[in-house]
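In the text below, chain A, chain B and the rest are named by the order of the sequence lines, each starting its count at 1. These numbers were taken from a predicted model, which means no experiment stands behind them. Quick note: numbers below take in every heavy atom, side chains included, and nothing from hydrogens, waters or symmetry partners.
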Amino acid sequence: MDNIDHFNLRSFDLNLMIAFDAMMQEMSVTKAAEKLRIGQSAMSHNLNTLRMLLADDLFVRVGQKMQPTAKARALAGPVRTALSQAQNALHATDSFDPQSAQRVFRLGVTGEMDMILLPVLMQHLQQQAPGIKILSRTITSETVDGMINGGEIDLAIGCKSQLNTGHFGEVLFNSEVACCFNPDILDLPLPMSRAQYLASRHAVLSQTENVAGCVGVALQGMGIELDVVLAAPDFMPLLAAARNSAVIATVPCRIANQYAPLFGLSYCPMPIDVAFPPVTMNWAVWTDKDVGLIWLRDQIRAAINAIAPDRELQAAE
DNA sequence: GTCTGTCTCTTCTGATGGGG
DNA sequence: CCCCATCAGAAGAGACAGAC
């Protein structure tokens with residue numbers, strides 16, 4: 001604690017970190033102000049103060065939205081962790097020792113997070129909490145409310161930003177997708193063009209009865225029809241299909257980065273700019289008094305931060 | 001050492017203008 | 001038209017000096 005620069009911290013109001021965190025979640029001065037129950041001008045002033053203190057624009061206006069700069073994105077994780085730790089220090093009424101704790105945590109995760117988060121999270125837990133066990137349950141946007149309300153799962157991680165009242169939630173990262181294909185079967189360049197993407201046949205994720213999947217539905221909203229020939233609730237069948245047939249598997253960038261090379265697939269960013277729902281973490285209000293679960297929540301944040309951001313995706317053969 | 005009055009600074013709101 | 005930045009003014013908190 002002796003090396004903390006109290007002089008600099010004196011000029012940095014903790015509320016500015018809260019304002020920054022709200023901006024990262026809302027990507028809008030107006031919405032962030034509403035979230036913190038202050039006026040838009042006060043929020044704008046907070047942002048301006050942050051810009052001066054950190055010598056960076058932090059958020060730049062692009063059309064109707066505020067886009068975070070590289071520095072803002074780099075600060076997002078550490079700021080959220082610091083706020084969480086401060087909150088824990090103020091509210092914790094019990095103690096939790098990860099090294100000695102013996103406990104089973106029940107995580108509700110979507111297929112995507114199953115494959116992205118759990119390998120990294122387990123690596124963290126093996127080192128820091130050898131007595132902790134994870135019971136992973138598959139969730140969908142339809143089942144998550146009932147499972148978290150019924151106590152079947154402790155935390156829910158996936159693509160659903162709003163649960164019923166009585167829950168806390170936060171955005172972990174924004175979903176971006178990549179196109180994976182077998183270069184021995186499909187003669188496509190890297191990166192492929194929008195026209196080449198639309199002229200191909202597709203394998204997409206779908207957790208509903210709709211064969212168009214979340215990608216097809218998002219494109220339908222833009223007036224674009226995708227030729228979907230395979231819809232599956234998990235990503236492995238999509239990548240396997242792309243390996244064996246002339247289809248493009250559209251999957252989250254993190255999945256493409258980690259798993260496309262294992263299937264011998266080439267991949268590149270999706271050539272159409274589509275806004276998908278962000279990946280979120282949700283938990284019931286009562287769990288906020290559970291220091292063990294708060295600790296796990298912070299481990300999940302750390303694991304997410306340890307995974308390369310989607311924006312780093314480059315076309316790869 | 002404690003209390004009180006005054007000044008200064010910070011942060012807020014509401015109004016308004018400008019950019020996309 | 002929506003949203004952000006900026007300005008003027010108000011309110012509250014903190015710093016400081018003087019009185020007791």
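For the pair A:Ile18 CD1 and B:dT11 C1', the interatomic distance rounds to 15 Å; values are reported in whole Å. Following rounding to the nearest Å, A:Leu16 (CG) and B:dC12 (P) show an atom-to-atom distance of 9 Å. Between the P atom of C:dC4 and the CE atom of A:Met43 lies a distance of 10 Å, rounded to the nearest Å.
Residues A:Asp57 and A:Thr69 have side chains that never bring a donor and an acceptor to within less than 3.5 angstrom of each other.
Atoms CD1 and OG1, on A:Ile248 and A:Thr250 in that order, are 6.5 Å from each other to the nearest 0.5 Å. Considering NZ of A:Lys133 and CZ of A:Arg106, their distance stands at 15.0 Å, rounded to 0.5 Å.
No more than 12 heavy-atom neighbours from other residues, nucleotides or ligands sit within 6.0 angstrom of CG on A:Asp187.
Residue A:Ser28 places at least one side-chain N or O under 4.0 Å from the OP1 or OP2 atom of C:dC4.
Residues meeting the ring-ring contact (aromatic ring centres under 6.0 Å, His included) test with A:Tyr197, sequence neighbours left out: A:His202.
Residues A:Leu230 and A:Val247 form no side-chain contact, since every pair of their non-hydrogen atoms from C-beta on lies 4.5 Å or further apart.
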List, with names and distances, any nitrogen or oxygen atoms from the protein found under 3.5 Å away from nitrogen or oxygen atoms belonging to nucleotides 5-7 of chain C.
from: C:dA5; atom 1: OP1; to: A:Arg51; atom 2: NH1; distance (Å): 2.8
from: C:dA5; atom 1: OP1; to: A:Arg51; atom 2: NH2; distance (Å): 3.1
from: C:dA5; atom 1: OP2; to: A:Ser44; atom 2: OG; distance (Å): 3.2
from: C:dA5; atom 1: N7; to: A:Gln40; atom 2: NE2; distance (Å): 2.9
from: C:dA5; atom 1: N6; to: A:Gln40; atom 2: OE1; distance (Å): 3.1

